[in-house]
Amino acid sequence: MIPINIIFKVMKHNPDDKSISIKMCRQNAPKPIDDYPSLRVSYNHLDFSSVYNLQESLRLVVSDNALKLLLSEPILSDNKSYKEIESLDLNDLVGEVVAIPYGTDNELHQIELWLLVEDFIESENILPCV
């Protein structure tokens, strides 16, 4: 997963109905945290057994919701792309906005860089170890 810093702000604490109202977003969100919708979180979703467990239960709640907000953000027209990588020629990509989907079906697991390493060794006059 791509790491993002999530921030949240408790807007209201209601001990009578055992809930809090919070706002959350990415730390690098395009608008202030107060411009995001509030979410009511029941104590049932929070673990009060330790400070660490409270933090982790809040992390789970705010991360899931911040990710939903991230996915619902509009794509700027300058960032829209329908271009795919169709060849190994990097000249085909110059000046193009190319989208690379991220997800469980699209994760990159291994990249072989042997040609780049060989080029570097040759350009630096380094003798490879045998």
Side-chain angles (χ1 to χ4, degrees):
M1 173 138 208
I2 299 171
I4 55 175
N5 290 331
I6 306 297
I7 58 173
F8 73 95
K9 184 177 185 179
V10 177
M11 303 305 291
K12 187 177 178 184
H13 177 217
N14 190 343
D16 295 334
D17 79 348
K18 297 181 179 178
S19 70
I20 57 174
S21 175
I22 60 174
K23 291 183 180 244
M24 84 264 344
C25 65
R26 297 182 337 273
Q27 193 169 32
N28 61 342
K31 56 186 180 180
I33 192 168
D34 288 332
D35 290 354
Y36 286 88
S38 292
L39 175 71
R40 183 182 165 276
V41 179
S42 169
Y43 284 6
N44 294 338
H45 296 284
L46 303 175
D47 183 345
F48 291 97
S49 62
S50 71
V51 171
Y52 175 81
N53 288 341
L54 176 60
Q55 175 180 305
E56 292 305 307
S57 60
L58 280 164
R59 180 190 322 273
L60 183 61
V61 170
V62 300
S63 294
D64 287 348
N65 284 286
L67 184 58
K68 289 176 189 172
L69 290 170
L70 171 65
L71 295 174
S72 69
E73 284 182 6
I75 297 172
L76 299 174
S77 60
D78 289 346
N79 293 345
K80 289 188 179 176
S81 175
Y82 303 101
K83 175 80 174 165
E84 294 180 9
I85 298 174
E86 297 172 346
S87 78
L88 298 175
D89 186 354
L90 295 178
N91 288 320
D92 293 344
L93 303 176
V94 173
E96 298 289 337
V97 177
V98 181
I100 299 176
Y102 180 84
T104 55
D105 295 338
N106 309 42
E107 289 184 46
L108 299 176
H109 295 288
Q110 180 178 1
I111 300 173
E112 294 185 351
L113 299 174
W114 292 113
L115 292 177
L116 292 176
V117 171
E118 288 175 347
D119 288 345
F120 175 76
I121 289 171
E122 288 176 9
S123 70
E124 297 294 320
N125 295 321
I126 298 173
L127 294 175
C129 296
V130 182

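Under a 3.5 Å cut-off, the side chain of Ser63 and the backbone N or O of Leu60 do not form any donor-acceptor pair. Judged by distance alone, with hydrogens and angles left aside, the side-chain atoms of Lys9 form no donor-acceptor pair with the main-chain N or O of Lys23 at under 3.5 Å.
Between His13 atom NE2 and Ser19 atom OG the span is 7.5 Å, to the nearest 0.5 Å. Interatomic distance, Asn14 CG to Ser42 OG, rounded to the nearest 0.5 Å: 11.0 Å. Interatomic distance, Ser72 OG to Leu67 CG, rounded to the nearest 0.5 Å: 9.5 Å. Considering CD of Glu56 and OG of Ser49, their distance stands at 11.0 Å, rounded to 0.5 Å. Considering CG of Leu70 and CG of Asn65, their distance stands at 12.5 Å, rounded to 0.5 Å.
The cluster map of Ile, Leu, Val, Met, Phe, Trp and Tyr, joined by side-chain heavy atoms under 4.5 Å apart, puts Leu54 and Tyr43 in the same cluster. Under the 4.5 Å side-chain contact rule for hydrophobic residues, Leu69 and Ile22 do not share a cluster. In terms of hydrophobic clustering, with Ile, Leu, Val, Met, Phe, Trp and Tyr side chains grouped at heavy-atom distances under 4.5 Å, Leu39 and Met11 are assigned to different clusters. Cluster membership check: Val62 does not share its hydrophobic cluster with Ile33, using side-chain heavy-atom separations under 4.5 Å among Ile, Leu, Val, Met, Phe, Trp and Tyr.
With sequence neighbours excluded, no residue forms a salt bridge (Lys or Arg N to Asp or Glu O under 4.0 Å) with Asp35. Partners of Lys18 according to the side-chain hydrogen bond (donor to acceptor under 3.5 Å, both in side chains) rule, which considers only residues two or more places apart in sequence or in another chain, do not exist here.
A 4.5 Å side-chain heavy-atom check between Tyr36 and Met24 finds every atom pair outside the cut-off.
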If you apply the rule side-chain contact (heavy atoms from CB on, under 4.5 Å), what do you find for Ile20 with Leu46, and how did you get there?
CA-CA 10 Å; Ile20 57 174; Leu46 303 175; 4.1 Å; yes
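Counted within 6.0 Å of CG on Leu71, heavy atoms from surrounding residues, nucleotides or ligands total more than 12; the atom is thus considered enclosed. Within 6.0 Å of CZ on Phe48 lie more than 12 heavy atoms contributed by other residues, nucleotides or ligands. In Phe8, the CZ atom is not crowded: 12 or fewer heavy atoms of neighbouring residues, nucleotides or ligands sit closer than 6.0 Å.
Smallest separation of non-hydrogen atoms from Ala66 and Ile6: CB-CD1, 3.4 Å.
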Return a table of donor-acceptor pairs under 3.5 angstrom between the side chains of residues 91-101 and protein atoms on other chains or two or more places apart.
| residue | atom | partner | partner atom | Å |
| --- | --- | --- | --- | --- |
| Asn91 | ND2 | Asp89 | OD1 | 3.4 |
| Asp92 | OD2 | Ser87 | OG | 2.6 |

